[in-house]
Amino acid sequence: MAWDFSTEPEFQEQLDWMREFVREEIWPIETIFEELGQEGFERAIAPLKEQVKERGLWAAHLPPDLGGQGFGQVKLGLMHEILGSSVFAPSVFGNQAPDSGNSEILAMAGTEDQKEQYLHPLLAGDLRSAFSMTEPETAGSDPTLLQTRAELRDGEWVINGHKWFSSNASVADFLIVMAVTDPDAHKYQRASMLIVPADTPGVTIVRDIATMEHPYEHFGRIGGHSEILYEDVRVPESALLGPRGAGFLIAQQRLGPGRIHHCMRWLGVSRRAFDMLCERSLSRYAFGTPLAEKQTIQNWIADSAAQMQAARLMTLHAAWKMDTEGASAARLEIGLIKFYGAQVLHDVVDRALQAHGALGYSTDLPLEQMYRFARAARLYDGPDEVHRQSVARQILRGYEAPEDGVPSQHVPTRREAARARFADLLEAVTSND
Ligand SMILES: Cc1cc2nc3c(=O)[nH]c(=O)nc-3n(C[C@H](O)[C@H](O)[C@H](O)COP(=O)(O)OP(=O)(O)OC[C@H]3O[C@@H](n4cnc5c(N)ncnc54)[C@H](O)[C@@H]3O)c2cc1C
């Protein structure tokens with residue numbers, strides 16, 4: 001039996017250090033981020049990054065030969081649960097999205113030259129990247145509909161298309177663009193990935209789209225989601241990342257680990273909201289008792305704890321399966337946690353916000369920000385409905401419709417079969433009567 005839920009003592013020690021470090025060093029920066037601005041923020045986190053590197057925790061998602069720690073998904077999952085409690089923590093640990101996913105793509109599919117030019121500086125924090133796939137005119141849920149084209153002309157790729165929600169593109173040095181290179185191929189082999197330096201002529205970052213999370217447009221800041229026009233953008237043939245037509249395959253391999261990290265980060269957010277829910281329930285007094293003594297509040301605490309525990313175990317199980325059997329073997333588990341984890345995040349934050357009343361709705365607490373963040377989790381990296389559909393399809397492959405259309409558990413049919421099988425016994429029992 002190899003079911004083991006324990007953590008190695010050395011790694012537990014690292015986790016304990018991370019928890020303390022994130023709370024003591026990173027949480028305070030959240031409250032002055034606006035005052036610091038992007039540059040001040042970079043200066044504030046520079047010494048923290050050094051501490052992370054000294055602890056051997058920098059870019060832990062990549063193998064050691066690429067300057068990472070080669071942790072594997074279970075350890076990464078446990079780490080992301082802690083980092084998730086602050087939106088800034090992943091930047092301090094060198095594994096912030098989308099750079100972490102993009103570095104995985106480069107590590108997996110990049111040529112030596114591409115690794116030299118993009119991956120190493122990305123890992124060192126000298127470059128920033130964006131992943132540019134979703135288009136306003138086509139359904140992001142079904143990327144086989146992509147319209148952005150890349151045509152090979154005279155040894156150069158010429159890219160034309162319109163993208164949006166390319167996170168961090170307005171601060172990125174290069175973009176990984178998903179474009180159709182082979183329109184006549186099988187629908188899953190039409191698209192390829194291309195590396196496009198952000199200052200290439202023809203690339204126009206139109207705007208950073210104001211969103212529910214950042215309702216006021218603010219161009220050129222980390223965490224923005226950019227709309228981009230690609231108009232006759234020319235990059236060399238060597239800009240192709242991975243084999244031609246392998247765009248979807250590589251994207252799938254990137255999204256698997258990314259979803260595990262998202263889910264664990266959401267648990268970090270949920271935990272922080274949950275702690276606030278519990279704390280408030282003890283201090284707020286109404287109708288003769290603290291909130292903690294109202295059954296509704298107790299239900300919220302118990303339901304939240306149960307949901308978080310379920311999501312955590314499901315996520316770590318998906319991580320374990322990925323570590324032991326590979327990304328494609330864990331597809332079902334990853335689909336399950338993506339929509340379930342997003343729901344848990346939403347529910348826990350919503351309850352904590354409600355328990356704080358007007359204070360929860362105000363910007364005096366981080367709950368309203370968490371709530372807006374939680375809403376997006378049900379959309380990015382695939383909306384809930386698409387993951388549910390994919391999970392249901394995979395599950396249904398293990399079933400067959402009964403040939404005669406009668407449910408296999410139909411009691412009268414089973415009874416008739418059982419009577420035939422036990423006819424002798426039934427007769428003996430009946431004759432004894
Ligand atoms: C915060 C955030 C960050 C993002 N970052 C990036 C990024 O860095 N790079 C990038 O390329 N993209 C990014 N995206 C885009 C994201 O990947 C897409 O929003 C997502 O894939 C959904 O595509 P869509 O918005 O076009 O919605 P659509 O595909 O139009 O879907 C809309 C809705 O239709 C319904 N639907 C779709 N398919 C089905 C189905 N099979 N069954 C039932 N209902 C269905 C769902 O309710 C779905 O929410 C980001 C999005 C957000 C919100």
Side-chain angles (χ1 to χ4, degrees), residues 84 87 90 96-105 122 128-148 159 161-180 187 191-196 198 203 205-215 217-218 221-230 241 247-248 250-252 254-256 258-259 261-262 265-266 269 334-335 338-339 341-343 345-346 369-394 396:
V87 284
Q96 71 285 5
D99 290 341
S100 53
N102 291 341
S103 61
E104 276 168 337
I105 297 182
L122 191 63
R128 285 217 188 83
S129 66
F131 185 69
S132 194
M133 178 156 128
T134 308
E135 302 171 346
E137 293 84 7
T138 61
S141 310
D142 181 0
T144 63
L145 302 172
L146 283 181
Q147 286 177 352
T148 298
I159 307 170
H162 185 194
K163 301 282 187 184
W164 79 340
F165 274 85
S166 300
S167 301
N168 277 1
S170 65
V171 291
D173 299 284
F174 70 94
L175 313 151
I176 297 181
V177 182
M178 186 82 127
V180 174
K187 63 179 181 170
S192 306
M193 288 190 191
L194 295 139
I195 305 177
V196 178
V203 174
I205 313 281
V206 181
R207 60 175 174 147
D208 274 345
I209 302 152
T211 62
M212 193 170 163
E213 195 183 356
H214 302 290
E217 192 176 341
H218 188 131
R221 177 170 283 191
I222 285 197
H225 308 291
S226 310
E227 179 179 352
I228 310 178
L229 279 173
Y230 297 88
L241 178 54
F248 292 134
I250 302 171
Q252 274 310 321
R254 169 192 190 269
L255 288 171
R259 285 176 182 141
H261 307 161
H262 276 315
R265 283 199 283 260
W266 298 339
V269 180
I334 292 167
K338 172 63 181 52
F339 72 82
Q343 189 64 53
L345 169 68
H346 174 271
Q369 188 272 335
M370 290 177 180
Y371 190 77
R372 289 181 283 121
F373 168 81
R375 191 61 189 80
R378 294 185 51 205
L379 291 168
Y380 57 71
D381 279 6
D384 289 358
E385 294 75 14
V386 174
H387 287 289
R388 284 195 167 94
Q389 172 179 282
S390 155
V391 162
R393 279 187 179 154
Q394 290 176 69
L396 286 170

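All ligand and atom numbering here is 1-based and tracks the order in the structure. Keep in mind that what you see is a predicted model, and the values were worked out from it rather than measured. Counting begins at 1 with the first residue of the sequence.
- If you check which protein heavy atom lies closest to atom 13 (C) of ligand 1, you get Phe165 O, 3.0 Å.
- Counting heavy atoms from C-beta on, the side chains of Leu122 and Phe174 come closer than 4.5 Å.
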Step by step, work out the side chain to side chain contact (heavy atoms under 4.5 Å, CB included) result for Ile205 and Arg207.
CA-CA 6 Å; Ile205 313 281; Arg207 60 175 174 147; over 6 Å; no

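- When non-hydrogen atoms are compared, ligand 1 lies under 4.0 Å from the side chain of His225 (C-beta onward) but not from its backbone.
- For atom 23 (O) of ligand 1, the nearest non-hydrogen atom of the protein is Gly140 CA, 3.2 Å.
- For a threshold of 3.5 Å applied to N or O pairs, the pair formed by Thr134 and ligand 1 contains at least one separation below that value.
- Of all protein heavy atoms, the one lying nearest to atom 28 (P) of ligand 1 is Ser141 OG, 3.4 Å.
- Contacts between Met133 and ligand 1, counted as non-hydrogen atom pairs separated by less than 4.0 Å, involve both the backbone and the side chain.
- The shortest N or O to N or O distance between Gln389 and ligand 1 is under 3.5 Å.
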Trace of the salt bridge (charged side-chain N to carboxylate O under 4.0 Å, His left out) decision for Arg128 with Asp173:
CA-CA 5 Å; Arg128 285 217 188 83; Asp173 299 284; 5.9 Å; no

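- With ligand atoms numbered from 1 in the order given, ligand 1 contributes 7 (C), 8 (O), 9 (N), 10 (C), 11 (O) to contacts under 4.0 Å with heavy atoms of Phe131.
- Protein heavy atoms are absent from the 4.0 Å sphere centred on atom 36 (N) of ligand 1.
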Going through the distances and angles, do His346 and Tyr371 end up as a side chain to side chain contact (heavy atoms under 4.5 Å, CB included)?
CA-CA 7 Å; His346 174 271; Tyr371 190 77; 3.6 Å; yes

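- The only option from Asn102, Leu194, Ile105 that meets the side chain to side chain contact (heavy atoms under 4.5 Å, CB included) definition with Leu241 turns out to be Ile105.
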Before you tell me yes or no, could you show the steps for Met193 and Met133 under side chain to side chain contact (heavy atoms under 4.5 Å, CB included), namely the whole-Å CA-CA distance, both residues' side-chain angles and the distance that decides it to 0.1 Å?
CA-CA 9 Å; Met193 288 190 191; Met133 178 156 128; over 6 Å; no

Given Asp208 and His225, is the side chain to side chain donor-acceptor pair (under 3.5 Å) satisfied, shown in steps?
CA-CA 5 Å; Asp208 274 345; His225 308 291; over 6 Å; no

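- The atoms of ligand 1 that sit less than 4.0 Å from any heavy atom of Val386 are 38 (N), 39 (C).
- Here the rule is side chain to side chain contact (heavy atoms under 4.5 Å, CB included) with Trp164, and of Glu135, Glu137, Glu227 only Glu227 fits it.
- Between the side chain of Asn168 and the main chain of Gly223, a donor-acceptor pair closer than 3.5 Å is present.
- Residue Leu379 approaches ligand 1 through these ligand atoms, each under 4.0 Å from one of its heavy atoms: 20 (C), 49 (O).
- Inclusion of Pro383 in the set of residues having an N or O under 3.5 Å from an N or O of ligand 1 is not warranted.
- Backbone and side-chain nitrogen or oxygen atoms of Ala139 are examined, and none is located within less than 3.5 angstrom of a nitrogen or oxygen of ligand 1.
- The contact set between ligand 1 and Ser167, taken as ligand atoms under 4.0 Å from a residue heavy atom, comprises 3 (C), 4 (C), 5 (N), 6 (C), 7 (C), 8 (O).
- Residue Glu385 has at least one N or O atom closer than 3.5 Å to an N or O atom of ligand 1.
- Inspection of the Glu104 and Ser100 side chains reveals no N or O donor paired with an N or O acceptor under 3.5 Å.
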One pair to check against side chain to side chain contact (heavy atoms under 4.5 Å, CB included): Tyr230 and Lys163. What are the steps and the verdict?
CA-CA 8 Å; Tyr230 297 88; Lys163 301 282 187 184; 3.4 Å; yes

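- Counting only heavy atoms, the protein gets under 4.0 Å from atom 43 (C) of ligand 1.
- Atom 19 (O) of ligand 1 lies below 4.0 Å from none of the non-hydrogen atoms of the protein.
- Protein heavy atoms are absent from the space less than 4.0 angstrom from atom 33 (C) of ligand 1.
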